[in-house]
Amino acid sequence: MEVDVTREQRAAVVAALRKSLTAGQVEVDVPLARLTTMRVGGPAEVLVTVATAADAVATAAIARAHDLPITVLGGGSNVLVADRGARGIVLRMHGGEVRAEGDDGVRADAGVTINGLVRWMVGRGLAGLESWAGTPGTVGGAICGNAHFQGRLISEHVREVRLLQPSGAVVDVPAADMAFGYDRSRLQHSGEVALSVVFDVAPGAAPEQLRLVARESLAFRKRTQPLHQASAGCIFQNPGPEAPVPDGVPRSAGALIDKAGLKGEQAGGAQVSPLHANFIVARPGATAADIRGLVERCRDAVHAGTGVRLEEEIVYLGDWADSSERHR
Ligand SMILES: Cc1cc2nc3c(=O)[nH]c(=O)nc-3n(C[C@H](O)[C@H](O)[C@H](O)COP(=O)(O)OP(=O)(O)OC[C@H]3O[C@@H](n4cnc5c(N)ncnc54)[C@H](O)[C@@H]3O)c2cc1C
């Protein structure tokens, strides 16, 4: 959604936010590039960084009162922010707490990183999420896109999600009602914000054993992903069972891009990673437009060569006005 925020409106919103938030931080015209792993994109008109549900709820109430949209940002590891940045309020969920919920559950605030959550669990001998070590980003981002790793979905471990609804209501939603699927959850369409998540865990494991699994996951990522370069992880979802993938080609977006001859391809500061063709990396000086242009070339080349329509896994955030018809 796009909005024109007048200077007075913005000042009123900032004043209201600063008055209402207990610990959240309110900043104006903040470059978002450094808050994303792709490291490109323009500024947030108003950036509100919160760790607690109470501050997220207060921010949303003020946005509603001023009729401003909210763009939610977690760890910024699955987004491409437009070069023009984002108007209105960017609500960045950053930090928070993890706490036990009975013997076999753990509640994590949305802004807690997946790595932080895994560390917390491993140290206490709680099994379940150890193989998710190394997944960048936050609990909220992982729930929104239903993060996946080696064929498993993070939703398999989710018991319940606490959501802030557009009306301002806070509700606890069981996993079965979250519309989870591969790269899917209801958050992608509902306008709701995840505040915290309860995960099912298995107590009584040996931390050393869990650490071993976590280390294996990290080593696998190091071998297979260009971790030393700026990226947003996999650009496209892998094609589903209905897609007309040619015989002999794995059902993988990276394999299809490779087959289209684009592995290693460069455009401006963007490059299809020579290590993993479903990663586009941003070299110094890259713009969001460079990245998006190369994403579209990959999609078009795969479609022209095989008839498979790749769908983006990354999310376009901010003011992409010139190409709004292509938004997800
Ligand atoms: C090197 C690398 C490796 C990666 N490996 C994997 C992998 O193995 N598996 C995988 O699935 N992904 C992977 N990713 C992508 C990314 O890490 C995940 O998608 C991650 O879950 C995104 O979390 P985030 O907090 O960074 O979300 P962001 O990128 O900040 O946001 C992503 C989306 O979630 C929304 N969102 C964020 N927080 C909330 C919230 N609290 N409530 C509602 N909506 C919210 C945002 O609005 C946005 O639409 C990788 C990325 C990188 C850079």
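Both ligands and their constituent atoms are indexed starting at 1 by order of listing. FYI, side chains are in, hydrogens and waters are out, and symmetry mates aren't considered; it's all heavy atoms of this structure. Counting from 1, the numbers follow the sequence of the chain as shown.
Each of the atoms 21 (O), 23 (O) of ligand 1 lies under 4.0 Å from some heavy atom of Ala142. Listed by number with element, the atoms of ligand 1 under 4.0 angstrom from any heavy atom of Val193 are 42 (N), 43 (C). If you number the atoms of ligand 1 from 1 as listed, the ones under 4.0 Å from a heavy atom of Leu227 come out as 1 (C). The distance from ligand 1 to the heavy atoms of Ala147 drops below 4.0 Å at these ligand atoms: 11 (O). Atoms of ligand 1 lying under 4.0 Å from any heavy atom of Gly137, numbered from 1 in the order shown and given with element: 23 (O), 24 (P), 25 (O), 26 (O). Listed by atom number, the atoms of ligand 1 under 4.0 Å from Phe149 heavy atoms are 8 (O).
Looking at Glu101 and Arg159, no side-chain N of the basic residue comes within less than 4.0 Å of a carboxylate O on the acidic one, giving no salt bridge. The pair Arg283-Asp290 fails the salt-bridge criterion, with no side-chain N (NZ, NE, NH1 or NH2) lying under 4.0 Å from an Asp/Glu carboxylate O. Under a 4.0 Å N-O distance rule, the pair Glu130/Arg124 does not qualify as a salt bridge.
With a 4.0 Å cut-off on non-hydrogen atoms, Leu73 touches ligand 1 through its backbone as well as its side chain. With a 4.0 Å cut-off on non-hydrogen atoms, Ile143 does not touch ligand 1 at all. Within the 4.0 Å heavy-atom criterion, the part of Ala232 lying near ligand 1 is the backbone and not the side chain.
Atom NZ of Lys259 sits in a sparse spot, with 12 or fewer heavy atoms from other residues, nucleotides or ligands closer than 6.0 Å. The local environment of CZ in Arg251 is crowded, with over 12 non-hydrogen atoms from other residues, nucleotides or ligands closer than 6.0 Å. Heavy-atom contacts from other residues, nucleotides or ligands closer than 6.0 Å to CD of Glu156 number more than 12. By the 6.0 Å contact criterion, CZ on Arg18 is enclosed, its count of non-hydrogen atoms from other residues, nucleotides or ligands being greater than 12.
Remark: minimum distance from atom 29 (O) of ligand 1 to any protein heavy atom is reached at Asn78 N, 2.8 Å. Of the protein's non-hydrogen atoms, the one nearest atom 53 (C) of ligand 1 is Gly233 N, 3.3 Å. The nearest heavy-atom contact from the protein to atom 48 (C) of ligand 1 is Val79 CG1, 4.0 Å. Nearest protein heavy-atom neighbour of atom 35 (C) of ligand 1: Cys144 SG, 3.5 Å. In terms of protein heavy atoms, atom 45 (C) of ligand 1 is closest to Val72 CG1, 3.7 Å. Closest to atom 43 (C) of ligand 1 among all protein heavy atoms lies Ala194 N, 3.6 Å. In terms of protein heavy-atom proximity, atom 16 (C) of ligand 1 is closest to Ser77 OG, 3.2 Å. The protein non-hydrogen atom at the shortest distance from atom 49 (O) of ligand 1 is Val315 CG1, 3.5 Å.
The two residues Ile154 and Leu129 have their closest heavy-atom pair at CD1-CD2, 4.3 Å.
At distances below 3.5 Å, not a single donor-acceptor pair connects side-chain atoms of Asp104 with backbone N or O atoms of Ala202.
Considering backbone and side-chain N/O of Thr138, one or more are found under 3.5 Å from N/O of ligand 1. Inclusion of Thr37 in the set of residues having an N or O under 3.5 Å from an N or O of ligand 1 is not warranted.
Evaluated by nearest non-hydrogen atom to atom 24 (P) of ligand 1, the leading choice among Gly75, Ala53, Cys234, Ala56 is Gly75. Across His148, Gln225, His94, heavy-atom proximity to atom 9 (N) of ligand 1 is greatest for His148. By heavy-atom distance, the residue among Gly76, Ser231, Gly141 lying nearest atom 28 (P) of ligand 1 is Gly76. The residue from Ala110, Pro136, Ser196 that puts a heavy atom closest to atom 20 (C) of ligand 1 is Pro136.
Between Trp320 and Tyr316, the angle of the ring planes goes over 60°, which puts this pair in the perpendicular group of the 30/60° scheme. Using the six-membered ring where Trp is involved, Tyr182 and His148 have ring planes that are tilted, between 30° and 60° apart.
Inside a 4.0 Å radius of atom 13 (C) of ligand 1 there is not any protein heavy atom.
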Residues Arg10, Asp29; criterion salt bridge (Lys or Arg N to Asp or Glu O under 4.0 Å); working and verdict: CA-CA 11 Å; Arg10 188 166 94 168; Asp29 284 332; 3.4 Å; yes

Chi angles and distances behind the side-chain contact (heavy atoms from CB on, under 4.5 Å) call for Leu163, Val193: CA-CA 6 Å; Leu163 295 178; Val193 180; over 6 Å; no

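Contact annotation: Arg221 has at least one heavy atom less than 4.0 Å from an atom of ligand 1. For the ligand labelled ligand 1, residue Glu192 lies inside the 4.0 Å heavy-atom shell.
Under a cutoff of 6.0 Å and an axis angle of 45°, Arg221 and Phe149 form a cation-pi pair.
Side-chain contact, Ser196 with Arg162: no donor N or O sits under 3.5 Å from an acceptor N or O.
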